[in-house]
Amino acid sequence: MDERVRGLSSTTLLPAHPDGDFDRFARLGTLVLGVPVALVSMVSRDGQVFPGAVGLPEPWQTLRRTPLTHSLCRYVVTSGEVFTVEDARLDPLTADSLAIPDLGVVAYAGAPLRLPDPLTGVADPDAPVVGVLCAIDGRPRRWSAAQVEVLEDLAAACSAELGLRVLEERNRLLLSLADALVGARTVADVDATVAAVTRSWLGGAWSGLVLADPGHRRLRRAAPSAPPPGTGVEGEFVDLDDEGPVAHVARERRPLLFASAQELREAFPRAATPAEPAFAASAYLPLLVQERLVGVLCLVWDSDRLTLGAEADVWSALARFTAQALDRATLDSERRSRAEVLQRSLLPRLPEATGELQVRGRYVPASREEEVGGDWYDVVVGPGGETTLVLGDVAGHDVVAAATMGQVRGLLRAFTWDRPGSPGELVSRLDSAMAGLGVDGLATLVLARVERRATAAGTRYRLRWTNAGHPPPVLLHPDGRTELLDGASDLLVGLLPRVERHDHVADVPPGATLVLYTDGLIEHRGRSLAGGIARARTTLERHGGSTLDVLLDDLLGELVGTRGEDDCALLAVRFP
């Protein structure tokens with residue numbers, strides 16, 4: 001490949017489609033310079049395209065592209081300077097160009113287009129050439145200094161239009177990213193969001209987050225998606241002393257931008273980048289929050305990107321948005337983890353079996369706020385071997401609700417263990433204690449005691465329970481049908497110091513399963529409570545033959561998922 005061709009970009013800033021704005025610049029060029037043809041051209045290794053074109057012969061005027069064999073504009077791009085020729089047929093550099101017979105090019109004058117600085121609006125003479133504004137005549141012409149100056153003035157105006165176009169695209173990119181990152185709650189969300197937005201708006205082939213791990217002087221990849229070789233993050237971890245671009249950016253806290261794979265190789269000779277186009281341009285951006293490094297954002301393109309250096313403001317804003325979202329997601333994750341540990345520490349370790357009964361519990365935190373709340377379950381085996389089941393829900397979805405739940409649960413455990421009493425009597429004692437001890441909170445709950453009685457046919461079970469404003473338990477019969485234990489519900493706990501509580505009784509057939517649940521299982525947007533209970537019963541009936549663990553997992557999977565709209569606690573008891 002000709003060395004001058006090798007130096008060209010592998011892509012163009014604009015495609016081979018007519019663009020009204022740049023057609024106007026071409027038309028203006030024909031008028032002020034008195035030529036039949038004028039072009040706004042962009043050149044790559046694959047050829048040249050004309051977003052602006054006036055006067056080309058067909059089919060080129062319609063196609064808006066030619067191969068490099070027809071391009072004199074490439075000499076402007078490779079030199080970075082104005083290029084003129086009076087008669088291309090006589091100049092050794094251009095005499096063999098197919099632009100002469102096919103496009104009718106004889107005299108040619110082209111001026112480079114460069115993107116202006118987004119702050120000053122002035123083009124940097126050292127910035128990469130992104131296009132060419134050229135004038136073409138079918139006859140020999142001596143280009144005067146005044147004509148060249150006019151051509152350069154038109155090129156400057158055309159460059160400003162290109163800059164505005166790119167700036168608008170950047171603003172849309174950043175607005176899109178900001179909007180998308182609002183909903184990113186986890187590090188994985190941030191990683192996926194940045195990847196999707198950069199692919200959509202920047203045409204990136206790959207992007208990835210590398211997270212700071214200061215305690216071990218290393219960085220680690222946020223997601224398992226395989227990066228291209230040469231990025232310096234091929235493994236799970238990157239040592240801060242590594243000689244690759246990622247570690248360098250983490251140490252120096254300054255971005256590295258490489259418009260091509262060759263530039264990266266020159267800066268980091270040990271970076272094993274494969275042959276193009278699998279890996280071309282790349283950017284490595286430090287993610288800083290108040291001078292604290294939270295990670296590095298890596299962007300890779302499968303083609304060159306000559307405008308990379310001119311887009312410093314984009315990379316700065318992109319890094320800032322990403323750093324803030326990443327820091328927020330990290331803090332949220334730590335808070336959720338602590339909250340969930342707190343919540344689970346407040347839940348009891350259920351006995352594997354209480355006599356002949358099998359018991360299982362589940363807790364799924366809400367997908368919002370603190371992911372901790374007031375839902376709980378409990379199983380208390382008294383001194384005499386009697387089993388008491390409790391499932392409740394303190395109002396609220398925060399640490400305060402969890403703390404109140406811990407107090408309520410502790411009181412109820414103590415009362416249940418301390419002395420026998422009916423379920424209604426135990427909850428009445430809880431009402432009085434909450435009022436006397438100043439436990440401020442409201443709760444719904446079901447407290448049920450399992451009673452055994454010997455018969456000639458063997459041990460039979462009876463359930464005695466009270467309900468304080470809670471969704472009714474469901475009894476799954478051995479034949480697969482379900483029964484709603486919907487005895488009259490009393491007031492919530494915590495409303496009044498003295499409330500009349502009522503007990504309800506039901507005989508439990510051998511092999512039946514009792515399921516207690518909080519409203520997080522059945523209460524969802526767009527679904528009534530009755531509809532939620534009906535769906536829960538249908539699911540239980542369909543999976544009734546499963547083990548308790550599978551039954552609860554299926555129930556949660558179909559009605560809640562991994563994260564529900566509300567906390568959800570489940571307690572299931574299978575009778576022998």
Side-chain angles (χ1 to χ4, degrees), residues 8-9 11-85 88 97-100 102-116 121 123 127-138 141 143 147-170 306-307 310:
L8 295 172
S9 171
T11 59
T12 57
L13 193 60
L14 295 176
H17 300 305
D19 188 300
D21 292 331
F22 297 111
D23 275 344
R24 281 190 285 275
F25 277 104
R27 189 175 302 111
L28 189 58
T30 64
L31 294 174
V32 298
L33 294 171
V35 293
V37 179
L39 307 172
V40 176
S41 170
M42 297 186 176
V43 184
S44 72
R45 289 180 215 139
D46 297 327
Q48 63 181 352
V49 300
F50 310 122
V54 170
L56 279 177
E58 292 294 353
W60 315 107
Q61 180 68 31
T62 299
L63 291 176
R64 297 290 179 124
R65 69 165 63 243
T66 72
L68 279 181
T69 52
H70 295 62
S71 175
L72 272 62
C73 290
R74 64 176 179 166
Y75 300 119
V76 180
V77 176
T78 54
S79 68
E81 299 174 351
V82 173
F83 174 71
T84 64
V85 60
S97 174
L98 294 181
I100 298 170
D102 290 352
L103 305 182
V105 176
V106 175
Y108 174 91
L113 304 177
R114 291 182 169 90
L115 291 179
V129 177
V130 296
V132 178
L133 178 64
C134 68
I136 297 170
D137 204 334
R141 171 193 284 257
W143 302 97
Q147 287 175 322
V148 171
E149 188 175 348
V150 168
L151 182 67
E152 289 181 308
D153 288 343
L154 282 175
C158 190
S159 294
E161 176 64 31
L162 270 174
L164 287 174
R165 187 75 61 85
V166 171
L167 185 60
E168 288 174 0
E169 286 293 308
R170 294 172 186 175
L306 293 183
T307 61

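Keep in mind that this is a model prediction, so the values were computed, not measured. Atoms considered below: every heavy atom in the structure, side chains included; atoms not considered: hydrogens, waters and symmetry mates.
- Taking both residues in full, the closest heavy atoms of Val37 and Leu56 are given as CG1-CD2, 4.1 Å, listed atom of the first, atom of the second, then distance.
- The CG atom of Leu133 lies 8.5 Å from the CZ atom of Phe25; values are rounded to the nearest 0.5 Å.
- Distance check: Leu28 CG to Leu154 CG gives 5.0 Å after rounding to the nearest 0.5 Å.
- A distance-only check finds no donor-acceptor pair linking the side chain of Ser44 to the backbone of Thr12 [under 3.5 Å].
- Listed here is the closest heavy atom pair of Ala53 and Gln61: O-NE2, 3.0 Å.
- For residues 28-52, no pair satisfies ring-ring contact (aromatic ring centres under 6.0 Å, His included), with sequence neighbours left out.
- Scanning both residues, Ala38 and Ala26, for their nearest heavy atoms gives CB-O, 3.1 Å.
- Summarising the geometry of Val106 relative to Gly138, their closest heavy-atom pair is CG2-O, 3.1 Å, with the distance given to 0.1 Å.
- Heavy atoms only, all atoms of each residue included: Gly80 and Pro112 are closest at O-CG, 3.9 Å.
- If you take CG on Asp102 and NE2 on His70, they are separated by 3.5 Å, rounding to the nearest 0.5 Å.
- Counting only heavy atoms from C-beta outward, the side chains of Val130 and Arg114 never approach each other to under 4.5 Å.
- Atom-to-atom distance recorded for Asp137:CG and Leu33:CG is 10.0 Å, nearest 0.5 angstrom.
- Remark: side-chain polar atoms of Arg74 are not paired, donor with acceptor, to backbone N or O of Gln48 under 3.5 angstrom.
- For the pair Val148 and Val82, the minimum side-chain heavy-atom distance is below 4.5 Å.
- Rounding to the nearest 0.5 Å places CG of Leu72 at 11.0 Å from OG1 of Thr84.
- Contact of the Val49 side chain with the Ser41 side chain is not registered, since no non-hydrogen atoms from C-beta on lie closer than 4.5 Å.
- Between the side chain of Arg65 and the backbone N or O of Ala16 there is no donor-acceptor pair closer than 3.5 Å.
- Closest of all the heavy-atom pairs between Cys73 and Val43 is CB-CG2, 3.9 Å.
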Exercise for the section: Could you go through the salt bridge (Lys or Arg N to Asp or Glu O under 4.0 Å) check for Arg64 and Asp23 one step at a time? Expected result: CA-CA 11 Å; Arg64 297 290 179 124; Asp23 275 344; 3.0 Å; yes
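- Two residues are said to be in side-chain contact when any heavy atoms from C-beta on lie closer than 4.5 Å; Tyr75 and Val85 fail this criterion.
- Shown here is Glu152, whose CD atom has more than 12 heavy atoms of other residues, nucleotides or ligands within 6.0 Å.
- Note that CZ of Arg165 and CZ of Phe22 are 4.5 Å apart. Values are rounded to the nearest 0.5 Å.
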Handout entry: Full working for side-chain contact (heavy atoms from CB on, under 4.5 Å) between Leu113 and Leu13
Key = CA-CA 11 Å; Leu113 304 177; Leu13 193 60; over 6 Å; no
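- Residues Phe83 and Cys134 fail the side-chain proximity criterion, which asks for heavy atoms closer than 4.5 Å.
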